[in-house]
Amino acid sequence: MLERVSRAARLDPSLYEEVEADPSSMGQATAVVVLASIAGGIGTAGIEGQPGFVLGLIVNLVGWYIWAFLTYIIGTRLLPQPATEADMGQLLRTLGFAAAPGLLRGLGFLPGIGAPIMIAAAAWGLAAMIVAVRQALDYDSTWRAVLVCLIGWFVQILIIMIPFFVIGSFSASAGQAPAA
């Protein structure tokens with residue numbers, strides 16, 4: 001698994017092809033997402049505290065599935081190429097391994113260098129996602145993979161923000177006195 005994580009972080013296209021074709025790698029892909037989520041929680045725990053850690057872990061796991069689903073729909077239905085053929089399992093596996101650069105987020109708590117590490121991990125993770133999408137959807141164009149990722153990212157942000165707006169509106173209305 002460590003060798004696969006290393007190859008994923010190096011943006012090795014053959015790794016993404018390998019896990020796309022290997023249904024038995026789902027457990028490893030899940031482990032990468034969980035470990036990257038824990039690392040992100042450690043990196044931000046000093047800023048957000050323990051509730052941020054737990055919420056971040058849950059949001060990352062749910063977000064991984066949502067991201068794979070959106071990528072599947074956008075990549076196979078809206079922007080397919082003639083060679084595009086993929087299923088949810090393939091996208092979950094490739095996108096799971098694309099979370100490998102997120103392991104660096106565990107260093108986000110370090111004073112002075114934590115924020116740049118978090119930014120670098122996010123940018124590196126985006127590059128890994130693009131490679132994963134390109135390989136999983138059998139695209140010959142990296143730009144098409146970038147477009148799928150941008151559209152999916154925007155839609156995912158909207159989906160993830162809905163509960164926060166609902167909770168926020170309930171919190172705001174709970175603190176207000178009834179109108180007389």
Side-chain angles (χ1 to χ4, degrees), residues 1-72 75 86 88-137 142 145-146 148-150 152-157 159-161 164:
M1 179 172 153
L2 291 176
E3 188 253 334
R4 278 184 163 177
V5 169
S6 174
R7 289 173 55 209
R10 290 190 318 253
L11 309 180
D12 178 355
S14 68
L15 173 274
Y16 294 101
E17 290 290 340
E18 181 181 309
V19 297
E20 174 191 10
D22 180 8
S24 70
S25 67
M26 183 65 82
Q28 291 180 347
T30 303
V32 173
V33 173
V34 168
L35 291 172
S37 299
I38 290 170
I42 291 168
T44 60
I47 300 167
E48 299 175 23
Q50 206 59 11
F53 175 80
V54 173
L55 181 61
L57 182 60
I58 294 167
V59 167
N60 275 301
L61 290 172
V62 172
W64 170 47
Y65 190 83
I66 292 170
W67 183 257
F69 178 74
L70 290 171
T71 303
Y72 173 74
M88 276 293 293
Q90 292 169 335
L91 286 159
L92 284 166
R93 292 188 300 274
T94 56
L95 293 173
F97 274 93
L103 295 169
L104 286 177
R105 296 184 303 166
L107 303 174
F109 69 90
L110 295 172
I113 63 167
I117 289 173
M118 296 292 271
I119 292 167
W124 191 359
L126 176 60
M129 294 285 180
I130 291 167
V131 173
V133 166
R134 185 186 68 210
Q135 299 310 119
L137 296 175
T142 300
V146 168
V148 168
C149 287
L150 287 174
W153 176 79
F154 181 74
V155 173
Q156 181 182 16
I157 293 297
I159 291 169
I160 289 174
M161 293 307 297
F164 291 106

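Computed from a predicted model, the values in this text were never measured in an experiment.
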Exercise for the section: Could you please spell out the steps behind the side chain to side chain contact (heavy atoms under 4.5 Å, CB included) verdict for Val131 and Leu15? Expected result: CA-CA 10 Å; Val131 173; Leu15 173 274; over 6 Å; no
Exercise for the section: Check the pair Ser37 / Arg105 against side-chain hydrogen bond (donor to acceptor under 3.5 Å, both in side chains), numbers first and verdict last. Expected result: CA-CA 9 Å; Ser37 299; Arg105 296 184 303 166; 4.9 Å; no
Practice task
Supply the atom-to-atom distance Met1 CE to Gln28 CD, rounded to the nearest 0.5 angstrom.
Solution key: 6.0 Å
Practice task
Please name the pair of heavy atoms, one in Val133 and one in Cys149, separated by the smallest distance, quoted to 0.1 Å.
Solution key: CG2-SG, 3.7 Å
Exercise for the section: Spell out, as yes or no, whether a donor-acceptor pair under 3.5 Å connects the side chain of Arg93 to the backbone of Gly89. Expected result: yes
Exercise for the section: Check whether any side-chain heavy atom of Arg134 sits under 4.5 Å from a side-chain heavy atom of Pro13, and report yes or no. Expected result: yes
Problem - Spacing of Thr71 atom OG1 and Met88 atom CE [to the nearest 0.5 Å] - result: 8.5 Å
Handout entry: Atom pair CD1 (Ile130) and CG (Leu150), whose distance is rounded to the nearest 0.5 Å
Key = 7.0 Å
Practice task
For the pair Tyr72 (side chain) and Leu91 (backbone), establish whether a donor and an acceptor sit closer than 3.5 Å, ignoring hydrogens and angles.
Solution key: no
Exercise for the section: Could you tell me the separation between the CG atom of Asp22 and the CD atom of Gln90, rounded to the nearest 0.5 Å? Expected result: 11.0 Å
Problem - Which atom of Phe97 lies closest to which atom of Ala8, heavy atoms considered - result: O-CB, 3.4 Å
Completion exercise
Minimal heavy-atom distance between Leu92 and Ala68, with the atoms involved, is CD2-CB, 3.5 Å
Problem - Between CE on residue Met26 and OG1 on residue Thr30, distance to nearest 0.5 Å - result: 6.0 Å
Handout entry: Salt-bridge present (Asp12, Arg4; N to O < 4.0 Å)
Key = no
Handout entry: Donor-acceptor pair, side chain of Ser6 and main chain of Leu2, under 3.5 angstrom
Key = no
Handout entry: Distance, nearest 0.5 Å, that separates CZ of Arg7 from OH of Tyr16
Key = 10.0 Å
Handout entry: N/O donor-acceptor pair under 3.5 Å between Trp67 side chain and Leu95 backbone
Key = no
Exercise for the section: Any chance you could lay out the side chain to side chain contact (heavy atoms under 4.5 Å, CB included) test for Leu107 and Leu110, step after step, and finish with the verdict? Expected result: CA-CA 6 Å; Leu107 303 174; Leu110 295 172; 4.0 Å; yes
Handout entry: Closest non-hydrogen atom pair between Ala121 and Leu104, with its separation
Key = CB-CB, 4.1 Å
Fill in the blank from the handout: Looking only at heavy atoms, the pair that brings Leu11 and Ala128 closest together is CD2-CA, 3.4 Å
Problem - Trp153 side chain reached by Met129 side chain, heavy atoms, under 4.5 Å - result: no
Problem - Least distance between heavy atoms, Thr94 atom then Ala132 atom - result: O-CB, 3.6 Å
